[in-house]
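Below you'll find the structure, written out as structure tokens, and then a few comments.
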Amino acid sequence: MKTSVVVFPGSNCDLDVVHAVRATLQTEASLVWHEDSELPEGTELVVLPGGFSYGDYLRCGAMAAKSRIIGAVRKHAERGLPLLGICNGFQVLTETGLLPGALLANRSLSFICDYCHVRVERNDTPFTCMYGKGQVLRIPIAHYEGLYFLPAADLDALEREGRVVFRYCSPEGDVDERFSPNGSLNGIAGVTNTRGNVLGMMPHPERAGESLLGSSDGAVLWRSLHKWLEGSLGK
Amino acid sequence: MTFLVKILIFPKEGVLDTQGKAVARSLKRIGFEALNDVRVGKYIQVWLEAGNEAEAIAKAGSMCGELLVNNLIEDHRIEVERCGL
Amino acid sequence: MTFLVKILIFPKEGVLDTQGKAVARSLKRIGFEALNDVRVGKYIQVWLEAGNEAEAIAKAGSMCGELLVNNLIEDHRIEVERCGL
Amino acid sequence: MKPDFREVGLKESEYRAIIKILGREPNTPELRILGVMWSEHCSYKSTRPLLAKFPNTGGAVVQGPGENAGIVDAGGGWGVAFKVESHNHPSAVAPFQGAATGVGGIIRDILAMGARPVATLDGLCLGDGNSAHTRSLAEGIVKGIAGYGNAVGVPTVGGKTIYDGCYNGNPLVNAMCVGIVPLDSVVSSKTAKPGQLAILVGSRTGRDGIAGAAFASSELTDDTRSSRPKIQIGDPFVEKLLIECCLDIHSRGLIVGMQDMGAAGITSSSSEIAAKSGTGIVIRSDLVPLREENMKPWEIALSESQERMLLIAEPENLPEIERTARKWELECAPIGEITDDGLFVIMDKDEMIVSLPAGMVGGSCPVLPWPSRKPAEKTIMQRTAAPSADQPGYILDQLLGMLGDPNLADKSEIYHQYDYMVQTNTVIPPGSGISVIRIRENGRLIGLTMEVDPWKCDIDPFTGAAETFLKALRPLWVSGAEHLAMTNCLNYPSPENPENFWVLSRSVEGFAAVARDLVCPVVSGNVSLYNESTGSRILPSPLVGVVGLYEKTENLLRESTLRDGDLIFLAGTSGATLNGSHLARRTGMEPISTPFDYLPEREVAFMRSALKTSRENLASSGRAIAGGGLLISMAKTCIASGRGIRLDIPVSAKLPELLFGEGGARALYSVPPSCENQFISAWSGIPVIRIGEAGGSELSMGTVMNIPLHHLEQIWRR
Ligand SMILES: Nc1ncnc2c1ncn2[C@@H]1O[C@H](COP(=O)(O)OP(=O)(O)O)[C@@H](O)[C@H]1O
Ligand SMILES: [Mg+2]
């Protein structure tokens, strides 16, 4: 699986993603600079990593969404290849319009770094095909702006189309406002586009890659992608 | 000519304004009770070159459209002032 | 009477405006080159009850002094508007 | 107009010394520069002879004090660079910005060693924990640390927070940063040679924090509060770019030296390089990229604008350095060069503004020998509220009261605001007595601890400081790490008061004794004096940070991994006393002086047994007993592991000492029954007693108490 991780000025989870992909799959993952206009030849997965692109000074992800590389990222997604935005990367995806919605300040108005639980709502996406449907993952979050917002009508449509991939839940898998650490509408932690090849998620799968660090639930996401790519590209 | 463009950005009606609510709560706590609502937004000042006021406004408008404002969650207003006449 | 008090808060002269700097750079990058400076501050709208305009302004002033503005690094301006005449 | 020497913070004797060295009067810019560089903050003039008492070589030490940070050998060709620094005065005035720039500053010190910053810890001493003022100040400080550390991508993996009314007007913010560096590419500030360029990389220079160092070297009066320098604003975004840029440049061998710009900005960084390298340096102030107009050369030279580094490089590498800086969108300008005349010179175009011997600016200034006087003995302990164990409910009441006390209660509200996981190496996150991170490059784990205990230092500065240091060492040993070295920050009130100076000296001796006896050298540190304001001054607050190394990942013994059926053991001496304890303060007991024995042999024996226990896997969890004593440690273990303990301790008159006493090397272990004999023999020669068994969902002790864990947890989480 050939992975490209985009580095914006202020990205800080870029290397973590590279390590996680390499450690899980023993495959190549390379960094791509935001000023480049092309992705490396043969890129199969693009990851927009977490961090504080451009300091997140205007709105999270807003300035990164205008980077030169975004054109190539858009084309990659249009070809139906997987594009994953994690945390700040999710914010960049909503700012580019590749995903609907916006991420607002957490209900607590504080940065939250902690483990949380999310329920896998769909396992028919490239990102989740090796999880069980309804499986509960223990996975870290670390953000100030993670409250997923969409105007009511759009939110209904999103739900009807089943585009919520991850939802905050209790350790037992119950979804309720109480288990949403940031106040996200409908407990939304990750959403996908209509085609299912673009995923934005606030939790950090790359931080849940080994049990020594507290959880390995995130590693399955990389394995899912690997499997899906092998299948779909007929390797 | 240099213009100072002032861009006022504020949360759209219906969008949760957590910060506004928190500020309202704090203001009430320290004694400002006769308070109906608070909204917190951004105030961006841009000093730019333009041929005339209309052009300055147009430029500011496209800055908002392209970068400064997220229409899903924010509204905005633009005011212009000529600098150093 | 209800007034809408608009509070414009902006970085003090000489104090590093981290946001303004970053926004200016981005605006230039996407093609707005005729740009001299950008400053990013806050725009707070407060709807409050007051007997008259002067009182509304006075109230807003003390809100700024006590909570909304950090005098070490920020300046501010207050504008008032009568609501729902 | 030329300022009076007093206005720039110099004493008359110092001014005379300057004239003597120069053979002339200094001009205005020179006077301003010397005022800042000879301030306490930059020169350590009050404490230099004291710091000389610290052992700073041996063991794993690769680089002792004298550089931007110390370095220890962590195996496999990798070094760990670390240092702690204070940002107390700025945080008192502007909590958010002060704390944020404190984090930024210490990160650059680590970067200056050529090391990649991999962790920070923060030591916070805050005022009365239940006051609204403290709460709002603490909120600003914590948000400042979070705002900076999170954005810059260095995990805040631990720290220490205490509350006491003595910090109401003077909160302390100490920040420690840890970095890793290949031992063969450590950067030194001593190796500059004539002809090399001094290149400024980072942000533009403004009028921020001019003379901030002098500000930090005096008491906070209402007057200084209003005359404070223009506040520095940290930009973590630029700092992140600066880290990547400098490491990129360094990894390609383009520089020979590097120095952060902290206090006194360009002046201190450039003059220190010249003084340490035995060269001169000329700085061209007109070449410095500015943010503000009409800045005077001396303002440029003393500006404390953040996020700047000074690189020393051969001229032929300049183009490549400039290209790299452009990639990272940073300013980059050659602003001077190394000379051979030993002078620190500032030129503004063709005009010479300053010309001083480099050693006088960035080397050392005359020591200020403050008089020292031992304070009168504190009164003998009066048990105003004598603890009587047999009084029904006494033990439980005290336990619950202490668990809910801000000093001992849950601190997650603070550390959940810090990104403690970025870089994906955090093995034990904040919330334990120890933080553990992995060094991916050599596969080893390192343990990090931070301690401050003003109350014990107040009773007796020597044993109090020793005990503070030991409190940072013991959790490392219990978790299976051997200590490598320590860093410290000496936070005190004015040294000009003879009693304060005596206390300061004695606590330095306490640190030095432990460093020597346990072979834990001091490799870096910082001093912050004058922490007093009108009507209040801080208790002596020496803070220590220790780095330890695990032989193997499997050796790591965690604190809260109790298993049902485990036997609970108390290992270690029974030297605990109520003196200076939380219980004593709660119940209003007067302390007696010299509360503890400092017995290094006992500590060494404890260390050996603790290390053996973890290496031979003889326990399922272990926790060094610290603040609040045995029962608090027990309650925290139960809460964190979600398992109860049935204590089996006979009721005696000594119960309060046993359960709530503090001090001395003691640990709480949970031992699988199959390991009992081996465990006991690992501790031969040291008292170990079996005090209970793990299981159930209560913390109970015969008829004395029986309390459900969820109740304990509720109180602890406040
Ligand atoms: N309490 C202390 N213990 C040991 N070393 C100290 C102490 N205080 C300062 N030092 C050392 O003195 C030197 C100068 O300190 P400082 O001025 O804080 O460094 P920097 O200029 O890099 O910020 C450093 O090497 C520092 O580690
Ligand atoms: Mg330094």
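Only a predicted model underlies this, so the values are computations on that prediction, with no experimental measurement involved. Just so it is clear: chains get the letters A, B, ... in the order the sequence lines come, proteins before strands, and each one is counted from 1.
- To the nearest 0.5 angstrom, D:Arg438 atom CZ is 5.0 Å from A:Leu213 atom CG.
- With a 4.5 Å cut-off on non-hydrogen atoms, D:Thr424 touches chain A through its backbone and its side chain both.
- Atoms CG and CD1, from D:Asp419 and A:Ile112 in turn, are 12.5 Å apart once rounded to the nearest 0.5 Å.
- Neither the backbone nor the side chain of D:Glu139 comes within contact range of chain A; no heavy atom of the residue lies under 4.5 Å from a heavy atom of that chain.
- For D:Tyr420, the parts lying under 4.5 angstrom from a heavy atom of chain A are both the backbone and the side chain.
- With a threshold of 4.5 angstrom between heavy atoms, D:Ala146 does not approach chain A through any atom at all.
- A:Trp33 and D:Trp328 have perpendicular rings, their planes meeting at more than 60° on a 0 to 90° scale where under 30° would count as parallel.
- Rounded to the nearest 0.5 Å, atoms CG (A:Asp114) and CE (D:Met421) are 6.5 Å apart.
- Heavy atoms of A:Tyr144 lying under 4.5 Å from chain D are absent altogether.
- For A:Asn12 (side chain) and D:Asn150 (main-chain N/O), a donor-acceptor pair under 3.5 Å exists by modelled atom type.
- The neighbour count for D:Arg718 CZ, taken as heavy atoms of other residues, nucleotides or ligands under 6.0 Å away, is above 12.
- Taking all atoms of both residues into account, the shortest heavy-atom contact from A:Pro9 to D:Glu329 is CG-OE2, 4.1 Å.
- Put simply, CZ on D:Arg116 and CG on A:Leu15 are 6.5 Å apart, with the number rounded to the nearest 0.5 Å.
- Neither the backbone nor the side chain of A:Ser108 comes within contact range of chain D, judged by heavy atoms closer than 4.5 Å.
- Remark: the D:Lys143 side chain and the A:Ser110 side chain contain an N/O donor-acceptor pair separated by less than 3.5 Å.
- For D:Thr553, the part lying near chain A is the side chain, with the backbone staying farther off; criterion is any non-hydrogen pair under 4.5 Å.
- In the displayed structure, D:Glu413 atom CD is contacted under 6.0 Å by at most 12 heavy atoms of other residues, nucleotides or ligands.
- Within 6.0 Å of CD on A:Glu177 lie no more than 12 heavy atoms contributed by other residues, nucleotides or ligands.
- Proximity to chain A (any heavy atom under 4.5 Å) is shown, for D:Asp235, by both the backbone and the side chain.
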